[in-house]
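Okay, so here's the structure we're looking at.
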Amino acid sequence: MKASAKGIRRLSLTFYRRDPLVLAPELLNKLLWCHDGRAGRIVEVEAYHGADDPAAHSYRGKTLRNAAMFGPPGHLYVYFTYGMHWCANVVCGETREGFAVLIRALQPVAGVELMHAARPRAKTDRQLCNGPARLAQAMGIAKQQDGVDLVNGEAYALLDDGMPPPDHPVQTTRIGLSKAADYPWRWYVADSAYISKK
DNA sequence: ATATTGATTCAT
DNA sequence: TGAATCAATATA
């Protein structure tokens, strides 16, 4: 897939400069794109709300690890967890707010061969990107991609190919949290076979 | 259900 | 300086 193809446009800075609770469901059905041709449609997201959100990495302020979260919107925040996994968030809101949206699952749409090469454990296309660490692996996102500019950078971008977000996304609680586990800040495409968990 | 894995963070 | 935590995945 080419980012410059007709009818496909890169999401602009103004798109990202909003509250994650508004932005997260808007991100559904957008594309996460890599310059080498890999691309996937976003089917599951979670919002993290900075100082108001005990589950957010940014809750207790800026550290070396979460620095990208406090940087300008429209950049990636990539973190390492459970001793072995990388996960990708999109920084949003305004600089220094510490807002982000975690991308939890993609439906692969292009460069599927490259995704399988990057993630040999996946036996089917469904197993490629149905989880935050899985999609990061399939899309080649790790430490090096922390802080990558999605608005002006060459390597990665979020694209709008004209498919609108779903009219009625499913809204539920977030996955894997001990704090603020009751906040309904996870959204997914209702009928997608590519989400991480029902 | 359980093992894996190591950076980050918080409490001594 | 040490212990607990962790936006998870793989295998059984």
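Reminder, nothing fancy here: chain letters follow the sequence lines and each chain counts from 1. Keep in mind that this is a model prediction, so the values were computed, not measured.
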Which nucleotide, [options], lies nearest any side-chain atom of [X]?
| X | options | answer |
| --- | --- | --- |
| A/Ala133 | C/dA8, B/dA7, C/dA7 | C/dA8 |
| A/Ala56 | B/dG6, C/dA10, C/dA7 | C/dA7 |
| A/Met84 | C/dA7, B/dT4, C/dT9 | B/dT4 |

Once you round it to whole Å, what is the distance between [atom2] of [N] and [atom1] of [X]?
| X | N | atom1 | atom2 | answer |
| --- | --- | --- | --- | --- |
| A/Arg134 | C/dA8 | CZ | C1' | 9 Å |
| A/Gln137 | C/dA7 | CD | P | 19 Å |
| A/Leu135 | C/dA8 | CG | P | 12 Å |
| A/Asp53 | C/dA7 | CG | C1' | 10 Å |
| A/His85 | C/dT5 | NE2 | P | 19 Å |
| A/Phe80 | B/dA7 | CZ | C1' | 6 Å |
| A/Lys197 | C/dA8 | NZ | P | 7 Å |
| A/Tyr59 | C/dC6 | OH | P | 13 Å |

Can you tell me if [X] touches the phosphate of [N], counting only side-chain N or O atoms and a distance under 4.0 Å to OP1 or OP2?
| X | N | value |
| --- | --- | --- |
| A/Arg104 | C/dA8 | yes |
| A/Arg65 | C/dC6 | no |
| A/Arg60 | B/dT8 | no |
| A/His57 | C/dA7 | yes |
| A/Thr63 | B/dT9 | yes |

Test side-chain contact (heavy atoms from CB on, under 4.5 Å) applied to A/Tyr79 and A/His85, step by step: CA-CA 8 Å; A/Tyr79 68 88; A/His85 301 303; over 6 Å; no
By the 4.0 Å heavy-atom rule, please label [X] as base, sugar-phosphate, or nothing.
| X | result |
| --- | --- |
| A/Arg119 | sugar-phosphate |
| A/Lys143 | nothing |
| A/Arg174 | nothing |
| A/Ser178 | sugar-phosphate |

Check step by step if side-chain contact (heavy atoms from CB on, under 4.5 Å) holds for A/Trp187 and A/Leu28. CA-CA 8 Å; A/Trp187 291 263; A/Leu28 295 175; 4.0 Å; yes
Within the 3.5 Å criterion, strictly below it, is a donor on [X] or [Y] matched to an acceptor on the partner's side chain?
| X | Y | answer |
| --- | --- | --- |
| A/Glu44 | A/Ser196 | yes |
| A/Asn130 | A/Arg134 | yes |
| A/Asn89 | A/His57 | no |

Tell me the partner of C/dA7, counting only Watson-Crick (N1-N3 plus N6-O4 or O6-N4) or G-U wobble (N1-O2 and O6-N3) with both under 3.5 Å; none if nothing fits.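 Paired with no nucleotide.
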Taking the six-membered ring for Trp and the single ring otherwise, decide whether the centroids of A/His49 and A/Phe99 are under 6.0 Å apart.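 Yes, the ring of A/His49 comes within the 6.0 Å limit of the ring of A/Phe99, centre to centre.
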For A/Tyr82 and C/dC6, do the ring centres fall under 5.5 Å apart while the planes stay under 30° apart?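 Yes, aromatic ring over the base.
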Quick test of the criterion, 5.5 Å between centres and less than 30° between planes. Is A/Tyr79 stacked on C/dA7 or not?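 Here the ring of A/Tyr79 and the base of C/dA7 are not stacked, as the 5.5 Å and 30° limits are not both satisfied.
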By the rule that syn is within 90° of 0, classify the base conformation of C/dA8 as syn or anti.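 Anti conformation here, the glycosidic angle of C/dA8 being more than 90° from 0.
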For nucleotides B/dT2 and C/dA7, find the distance between their P atoms and express it as a whole number of Å.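 One P to the other, the span is 22 Å.
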Which sits closer to the 5' end of DNA chain C, A/Leu177 or A/Ala122, going by the nucleotide each is nearest to?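 Nearer the 5' end of the strand: A/Leu177.
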